Amino acid sequence: MFVILSYDAENRRCGKLRKIAKRYLHPVQRSLFQGFLTEKQCRLLKEEIAGAVDTEKDAVVLYKLPDAGVLRMDEIGTSDLRETDIL
């Protein structure tokens with residue numbers, strides 16, 4: 001599946017989040033990454049990210065485009081957005 005990851009975090013955690021994201025995805029901008037992952041890789045990425053963020057202050061969003069062609073968004077941390085399907 002094709003994955004887009006974006007994060008908004010306090011400066012002291014940005015470096016750690018960037019290192020995690022770069023192990024799985026290609027950097028597009030400072031806090032934006034993309035690439036193809038398996039379900040297992042995506043799960044591992046989410047687990048690592050969840051362990052590195054402060055869910056009260058940081059926000060990480062994963063957009064997943066599975067084979068079905070529907071973009072799926074999962075978030076970790078604070079945001080006005082909620083898990084949803086985007087067409």
Side-chain angles (χ1 to χ4, degrees):
M1 80 181 78
F2 186 74
V3 176
I4 301 169
L5 179 143
S6 176
Y7 63 82
D8 183 15
E10 288 189 345
N11 286 338
R12 62 183 177 194
R13 283 184 292 279
C14 284
K16 186 171 187 174
L17 291 173
R18 183 170 181 77
K19 285 180 186 178
I20 294 169
K22 282 178 73 174
R23 284 199 300 263
Y24 295 90
L25 301 166
H26 304 285
V28 177
Q29 294 179 346
R30 277 188 205 150
S31 61
L32 183 65
F33 299 81
Q34 67 183 23
F36 289 93
L37 299 178
T38 64
E39 281 289 338
K40 182 179 179 179
Q41 289 171 320
C42 191
R43 182 176 37 82
L44 293 172
L45 171 61
K46 286 172 63 174
E47 289 172 4
E48 284 191 57
I49 292 288
V53 298
D54 179 339
T55 58
E56 299 294 318
K57 298 178 182 176
D58 304 331
V60 178
V61 179
L62 291 169
Y63 296 95
K64 300 187 289 186
L65 184 59
D67 294 335
V70 176
L71 185 61
R72 181 89 187 147
M73 184 194 83
D74 293 330
E75 68 175 300
I76 302 167
T78 60
S79 175
D80 291 333
L81 300 173
R82 294 290 163 238
E83 187 174 313
T84 185
D85 282 331
I86 302 170
L87 299 177

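If you're wondering where the values come from, they're calculated on a predicted model, not measured in any experiment.
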So which atom in [X] and which in [Y] form the shortest heavy-atom distance, rounded to 0.1 Å?
X: K46; Y: L62; answer: CG-CD1, 3.0 Å
X: C42; Y: L37; answer: CA-CD1, 4.0 Å
X: A21; Y: L45; answer: CA-CD1, 4.4 Å
X: A9; Y: D58; answer: CA-OD1, 3.3 Å

By salt bridge (charged side-chain N to carboxylate O under 4.0 Å, His left out) - contacts of R30 (at least two apart):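 Salt bridge (charged side-chain N to carboxylate O under 4.0 Å, His left out) list for R30, sorted by chain: empty.
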Residues in salt bridge (charged side-chain N to carboxylate O under 4.0 Å, His left out) contact with R43, at least two apart in sequence or another chain: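 Listed in chain order: E47.
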Whether Q41 side chain and T38 backbone form a donor-acceptor pair below 3.5 Å: yes
Enclosure of E10 CD (heavy-atom neighbours >12, cutoff 6.0 Å):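 Count over threshold, so yes.
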Y63-Q34 side chain donor-acceptor pair, cut-off 3.5 Å: no
Any side-chain heavy atom of [X] sitting closer than 4.5 Å to one from [Y]?
X: L5; Y: V60; answer: yes
X: I4; Y: L32; answer: yes
X: C14; Y: Y7; answer: yes
X: M1; Y: F36; answer: no

To the closest 0.5 Å, what do you measure between [atom1] ([X]) and [atom2] ([Y])?
X: E39; Y: L44; atom1: CD; atom2: CG; answer: 11.0 Å
X: I49; Y: K16; atom1: CD1; atom2: NZ; answer: 10.0 Å
X: K57; Y: D8; atom1: NZ; atom2: CG; answer: 13.0 Å

side-chain contact (heavy atoms from CB on, under 4.5 Å) evaluation trace for F2 with K64: CA-CA 6 Å; F2 186 74; K64 300 187 289 186; over 6 Å; no
